[in-house]
Amino acid sequence: MITKVLAAALADALSELGIDVAPSEIHMERPAQREHGDWSSNVALVMSKQAGRNPRELAAELLTVLESTSVDQIQRAEVAGPGFVNFHLSPQWLHDVLTEVISQGEDGYARSTIGDGQSINLEFVSANPTGPLHAGGGRWGAYGDSLARIFRRCGYQTFTEYYVNDRGLQTELFGDSLLAHRDGTDLPEDGYAGEYVAEWASEMPDDANPVAWGCERALAEVQQSLASMNVTFDHWASEKALVDSGAMESTIDALRAGGWVDEHEGATWLRTSDFGDEKDRVLLKSDGEPTYFVPDIAYHNQKFERGNLVIDVLGADHHGYVPRMSAALQMLGHQASSYEAIIGQNVTLVRSGKEIKLSKRTGTMVEVRDLIEAVGPDVARFAYLLQSIDTRQTIDLDMLSSQANENPVYYVQYAYARIASVGREANNRGVTRSTFNETGLALLTHHRELELLRALSSLPETVEIAARDRSPHKISTWIREFAAAFHGFYHDCPVLRSDVEPDLQQARLWLVESARIGFSIGLELLGLTAPEEM
RNA sequence: GCCCUCGUAGCUCAGGGGAUAGAGCAGUGGCCUCCGGAGCCAUGAGCGCAGGUUCGAAUCCUGCCGAGGGCGCCA
């Protein structure tokens with residue numbers, strides 16, 4: 001890769017000046033302004049203190065040395081601003097990108113090895129099985145699923161889970177609510193009053209166990225909604241099965257054996273404050289019943305059997321829970337760094353300019369299924385993935401519906417459809433692609449062609465950054481920019497038109513193929529479909 | 001009161017310590033004789049406030065202001 005070549009050249013030049021820096025320490029960046037070249041380095045600014053020279057002076061000396069050891073692709077290098085070394089490259093470096101994309105293909109390009117040999121267990125959504133998934137929960141689904149795809153592309157062995165709370169107070173309340181609806185009796189206090197409860201109650205067989213039946217019914221609903229948005233899980237972990245296996249007892253035993261458990265005020269406590277939690281937490285209530293915390297610890301402990309790094313995606317309303325879980329896991333012998341919680345901000349749903357408060361119990365809700373049915377799975381999924389998980393997201397249902405046709409996802413998918421269309425049209429015209437090695441890529445000099453390759457060249461680093469920052473939205477941002485580059489190219493650079501020279505046509509056909517590969521990878525990471533026609 | 005997030009254009013949001021802070025939507029004006037106009041091109045406006053660290057801060061630190069969330073022997 002060109003950045004490595006440039007960094008190595010800079011490192012060599014520095015060592016000639018008596019400054020030793022590993023090439024990997026030298027950062028190459030893409031200048032914001034095109035006039036500032038193709039690549040830029042700030043080494044002179046960073047090293048100036050150590051070198052005892054001012055940055056521009058050092059940069060100038062670097063250039064002198066670089067001239068004698070010139071790299072092929074460097075057309076010209078210059079000192080700019082406070083001391084940047086800017087490289088203006090010949091288009092060859094972008095033609096090399098095209099070659100790389102074609103030779104590595106859809107499967108190999110932008111595949112990273114940063115996660116090789118590591119495994120991640122990723123839990124997300126895990127909404128209680130007491131009703132349909134609401135539209136806010138869809139965000140965790142889209143996020144988690146895309147993050148898992150990104151992890152996998154980076155070499156992490158990734159295992160995804162949905163923790164099903166199919167026992168406990170909420171499920172019993174839900175079961176009782178189903179019964180009350182079916183039998184026409186009074187709803188229990190704090191029972192579930194949503195429309196779906198009445199609907200489901202009428203489906204419930206007389207001999208069914210309301211809790212078990214209700215959970216199963218809800219889970220099927222959730223599963224289906226997520227699947228329609230292309231979100232799936234490797235494992236649906238049942239809390240009930242976990243508890244039935246005796247995991248609660250063995251977990252408490254292990255914590256006791258470690259000396260982390262105290263008894264006072266009639267209850268059994270875990271000294272989580274020893275690990276930075278605000279206060280200690282109750283394991284067994286004074287009535288002897290375990291709190292929800294116990295099975296949760298057992299579950300998290302067990303997840304380490306399916307990954308070295310355990311990650312939870314949690315809504316902001318659960319962030320207070322992280323220190324106690326981290327404490328408990330450390331007591332059980334896990335490294336603090338092997339447990340990570342990603343805290344996502346909640347979604348605000350707006351309709352007719354008014355915020356819709358979501359509550360399963362009172363029944364005011366917007367189901368993720370409604371959203372998907374209204375705008376389509378790709379629009380819904382991309383809407384979730386457009387923004388950083390740190391951003392409190394506002395989804396305006398009216399706007400999403402009324403502007404469904406100009407949704408950003410179509411901008412991207414339209415580019416893919418256009419590529420497919422070029423292929424079809426090439427068939428119609430009897431144009432075939434020649435052997436890649438015989439194609440004259442040097443003919444690709446139009447700025448639109450080069451911009452397209454430039455965008456394509458940034459995909460590998462974007463994927464790694466997205467994995468490192470746990471930020472699928474960086475792929476969204478990338479693919480929108482990539483689509484813009486493609487539409488610009490498509491507008492200005494005809495491929496099949498009769499006035500295009502055959503050699504140029506061949507080069508462009510391969511360029512289009514490389515773009516197809518780029519879109520294909522990006523759309524797959526986002527879990528979006530790649531339509532041949534729209 | 002304490003803790004966690006977040007304040008960027010009219011709206012929804014990008015912005016890995018770097019140079020002149022970017023998109024989309026909304027507004028205005030242009031662009032189809034052959035590959036799909038769901039497209040392309042042009043145009044106005046902005047980093048909540050105050051300090052600090054740094055050669056350099058939207059980005060890191062502190063304080064203030066504002067918004068959301070959390071502070072149960074609930075889950």
Side-chain angles (χ1 to χ4, degrees), chain A residues 27 29 31-33 35-36 40 42 45-46 48-49 54-56 80-84 86 128 130 165 168-171 190 265-269 278-279 281-293 295-296 315-323 343-346 348 383 386-396 399 403 405-411 413-415 417-426 428-429 431 448 461-462 464-466 468-469 471 473-474 476-477 480-481 483-484 486-500 505 508 512 533-534:
Chain A
H27 288 285
E29 53 188 67
Q33 264 77 44
E35 314 88 73
H36 293 150
S40 171
N42 63 356
L45 284 94
V46 176
S48 72
K49 206 165 256 177
N54 83 49
R56 285 193 63 101
F84 291 106
N86 289 345
N128 282 347
T130 52
N165 299 104
L169 186 67
Q170 290 306 319
T171 58
D190 290 328
E265 296 159 58
T268 302
W269 299 73
E278 289 175 355
K279 51 182 167 182
R281 307 290 167 175
V282 171
L283 291 177
L284 300 175
K285 300 186 250 180
S286 41
D287 65 3
E289 285 297 307
T291 62
Y292 74 97
F293 190 31
D296 261 18
D317 51 340
H318 284 89
H319 82 261
Y321 151 106
V322 176
I343 305 300
Q345 298 302 306
N346 294 312
T348 306
L386 233 29
Q387 286 148 29
S388 156
I389 204 72
D390 293 331
T391 303
R392 214 160 54 224
Q393 184 171 40
T394 307
I395 293 185
D396 188 321
M399 202 178 293
Q403 297 179 348
N405 286 338
E406 45 203 62
N407 190 275
V409 77
Y410 293 130
Y411 184 73
Q413 291 180 321
Y414 184 53
R418 278 181 148 177
I419 291 172
S421 166
V422 169
R424 287 192 298 269
E425 183 62 18
N428 292 341
R429 299 187 184 209
V431 176
R448 298 288 206 175
E461 68 204 59
T462 303
E464 287 187 354
I465 290 167
R468 187 197 62 195
D469 295 350
S471 296
H473 81 276
K474 303 219 179 208
S476 307
T477 304
R480 294 176 76 180
E481 285 167 3
F486 180 80
H487 286 305
F489 158 78
Y490 187 87
H491 185 265
D492 288 355
C493 302
V495 179
L496 298 170
R497 238 166 50 182
S498 54
D499 56 349
V500 179
Q505 181 172 74
R508 284 182 174 167
V512 168
E533 302 177 54
M534 291 171 67

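Chain letters run A, B, ... following the sequence lines, proteins first, then strands; residues in each count from 1.
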ask   = To the nearest Å, how far apart are A:N407 CG and B:U12 P?
value =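 Going from CG in A:N407 over to P in B:U12 covers 17 Å.
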Gap in Å between the two [atom1] atoms, one belonging to [N] and one to [M], rounded:
N     : M     : atom1 : answer
B:G44 : B:G1  : C1'   : 46 Å
B:G17 : B:C61 : C1'   : 13 Å
B:G46 : B:C11 : P     : 13 Å
B:C41 : B:C64 : P     : 47 Å

From [options], pick the nucleotide closest to the side chain of [X]?
X      : options             : answer
A:V422 : B:A19, B:C35, B:A75 : B:C35
A:R448 : B:C41, B:G18, B:A75 : B:C41
A:R392 : B:C34, B:G39, B:G68 : B:G68
A:L45  : B:C13, B:C55, B:G36 : B:C55
A:N128 : B:A75, B:A14, B:C40 : B:A75

task = Examine the base of B:G70 for any acceptor or donor lying under 3.5 Å from a partner atom in the side chain of A:D317, and report the outcome as yes or no.
result =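 No, no donor-acceptor pair under 3.5 Å.
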request  = Would you mind telling me which residue lines up with the more 5' stretch of RNA chain B, A:M399 or A:A426, judged by nearest nucleotide?
outcome  =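 On the 5' side of the pair lies A:M399.
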Sugar-phosphate only, base, or nothing, as touched by [X] at under 4.0 Å among non-hydrogen atoms:
X      : result
A:E289 : nothing
A:P494 : base
A:E265 : base
A:H319 : base
A:Q413 : nothing

ask   = Looking at A:I419, A:V495, A:V422, which hits side-chain contact (heavy atoms from CB on, under 4.5 Å) with A:Y490?
value =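 Exactly one candidate clears the test, A:V422.
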key: Syn/anti state for B:C13 [syn: chi within 90° of 0]   =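 Anti for B:C13; the angle lies over 90° from 0.
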request  = State the dot-bracket string of RNA chain B. Criteria: Watson-Crick or G-U wobble, both atom distances under 3.5 angstrom; notation: ( ) intrastrand, [ ] crossing earlier pairs, | interstrand, . unpaired.
outcome  = (((((((..((((....[...)))).(((((.......)))))....(((((..]....))))))))))))....
key: Stepwise salt bridge (charged side-chain N to carboxylate O under 4.0 Å, His left out) test for A:E464 and A:R468   = CA-CA 6 Å; A:E464 287 187 354; A:R468 187 197 62 195; over 6 Å; no
Does the side-chain ring of [X] lie flat on the base of [N], meaning centres under 5.5 Å and planes less than 30 degrees apart?
X      : N     : result
A:Y490 : B:C35 : yes
A:H36  : B:A19 : yes
A:F84  : B:G18 : no

key: Pairing residues for A:F84 by the ring pair (Phe, Tyr, Trp, His ring centres under 6.0 Å) criterion, not counting sequence neighbours   =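 Once residues adjacent in sequence are excluded, A:F84 has no partner under the ring pair (Phe, Tyr, Trp, His ring centres under 6.0 Å) criterion.
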